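Below is one structure, written out as structure tokens; the observations come after it.
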Number of protein chains: 2
Amino acid sequence: MRKLPAKLASQLYGAAELIAERGLDGTKIDDIAEATGIPKATIYYHLDGKNGVLAFLLGDLLDLIAGEVGVAVSTVEDARTRLEAAVAAQLSVMVEHPFLCRALAGDLGRATRLPDLAEALRSAFYQPIEKLLADGVADGSLRQVADPGAVAMSVFGAITVAGLSAAVEGSSTGPSADAARFSAAICELILDGLATPRTRDDHESGERP
Amino acid sequence: MRKLPAKLASQLYGAAELIAERGLDGTKIDDIAEATGIPKATIYYHLDGKNGVLAFLLGDLLDLIAGEVGVAVSTVEDARTRLEAAVAAQLSVMVEHPFLCRALAGDLGRATRLPDLAEALRSAFYQPIEKLLADGVADGSLRQVADPGAVAMSVFGAITVAGLSAAVEGSSTGPSADAARFSAAICELILDGLATPRTRDDHESGERP
DNA sequence: TCCTATGTTGTACTGCCAGTACAACATTTC
DNA sequence: GAAATGTTGTACTGGCAGTACAACATAGGA
């Protein structure tokens, strides 16, 4: 079942847009068969029904993300720099696969109920972040926080939701520009924060010209 | 259809756990009928099928969140302080309604495909944040960032994902402690960031005793 | 009190669609 | 060229959402 011939695999991607648009429930197997050109009987021969299709598509996406992020994380730089690279890598893959991302977001519930996918999700998205934050504290490039688990979860959320929104909306400037823009915004947020550098309490507003 | 009698409304909440656990697809109308004690025919008399049930439950949750956050945001404090209050409010509601949150997360796709809910989602979660960030720049309590839209989306993601994870996991210390913990972690992250306060580039690690 | 509007519920039915069964045919491999 | 493996059309089954409807309940207004 993990031996899906390359040709079928590539055809299957034709179903991503459909699923992204209507959700898996709104998509009939016959629709998938028609959109991909793979006969229904063949789909069932190789995959475990609709869930199988979803699992295959999302599994691929998650592997891709985990791979790219893995590369970005494996340099000799300090953790803070690697964190920036990881953010950029994750966003770049997401922006390049908008349909898969939308399918993932839309059928998140189903995805997390498929054991393989739940694990893949975790290792693609959450774990690298968690590790980088810990590394950063160790090498001094990131601050020690009171609740590392909660912070890692928030960082994960910031990146992932921004990525999904970027993937969903698309833009005029093309995918790589989008990825760069969001990536910069996220790093600005999670590294430097939003508080004004000045006083940390009580300030009468000063209008700017 | 928005006139659901109070008694039925309260019974309907009995379906939240079911839906959270199995997803809406995995939940049969007859299961809902049995779990809530409302006969199937009555459900169909008042609501528009399964989607109607989901819409009712989540609509309620979102109204609640929007309400609490609205209160937190309407004080005379500066935007930074109100942002902290909004984070706390949102998390507190989420943590107190774990089943509804799980249902929301699991059936996000369906939810966003229901027009009323999509709008409610936006106004409960995203919009208050967006406004606060703008206010903060205006009153000087928050930093001006290069891409406010992208940053607002990331902040939204940080809060929401953390809230979902808090709601899903639960804990031994009770809901209000959870909310406070996550709330502190998120504010620490989005206000002060994770970069070490020291040098902003190039640092040979310095071990701490 | 009776009459009407509105709500409540059981029962029976319809239609759609995921998934299965299987036989016929194709391709590969040795 | 025979056996194994893969491919596909066709026809069927079962489960469940949603509907139809009649019987019954309740409330309120005259």
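Chain naming here is simple, since letters A, B, ... match the order of the sequence lines and numbering starts at 1 in each. Worth saying up front: this structure is predicted, and the values here are computed from it rather than measured.
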Short side-chain to backbone donor-acceptor contact, A:Arg82 and A:Glu77, under 3.5 Å: yes
Residues A:Glu17, A:Arg102: salt bridge by 4.0 Å N-O rule: no
Donor-acceptor contact below 3.5 Å, side chain A:Ser154 vs main chain A:Ala150: yes
Outermost DNA chain C nucleotides near chain B [under 4.0 Å, heavy atoms]: C:dG7 to C:dG10
Spacing of A:Lys40 atom NZ relative to D:dC12 atom C1', expressed in whole Å: 10 Å
Candidates B:Leu57, B:Asp31, B:Leu58, B:Asp25 - the one meeting side-chain contact (heavy atoms from CB on, under 4.5 Å) with B:Ile19: B:Leu57
Any donor-acceptor pair under 3.5 Å from A:Asp139 side chain to A:Asp78 backbone: no
Gap separating the CZ atom of A:Phe182 from the CG atom of A:Leu164, nearest 0.5 angstrom: 10.5 Å
pair B:Leu8-B:Pro5: side-chain heavy atoms closer than 4.5 Å: yes
Members of residues 12-33 of chain B that approach DNA chain D, where some heavy atom sits under 4.0 Å away: B:Thr27, B:Lys28, B:Ile29
Lys/Arg N to Asp/Glu carboxylate O, B:Asp135 vs B:Lys131, below 4.0 Å: yes
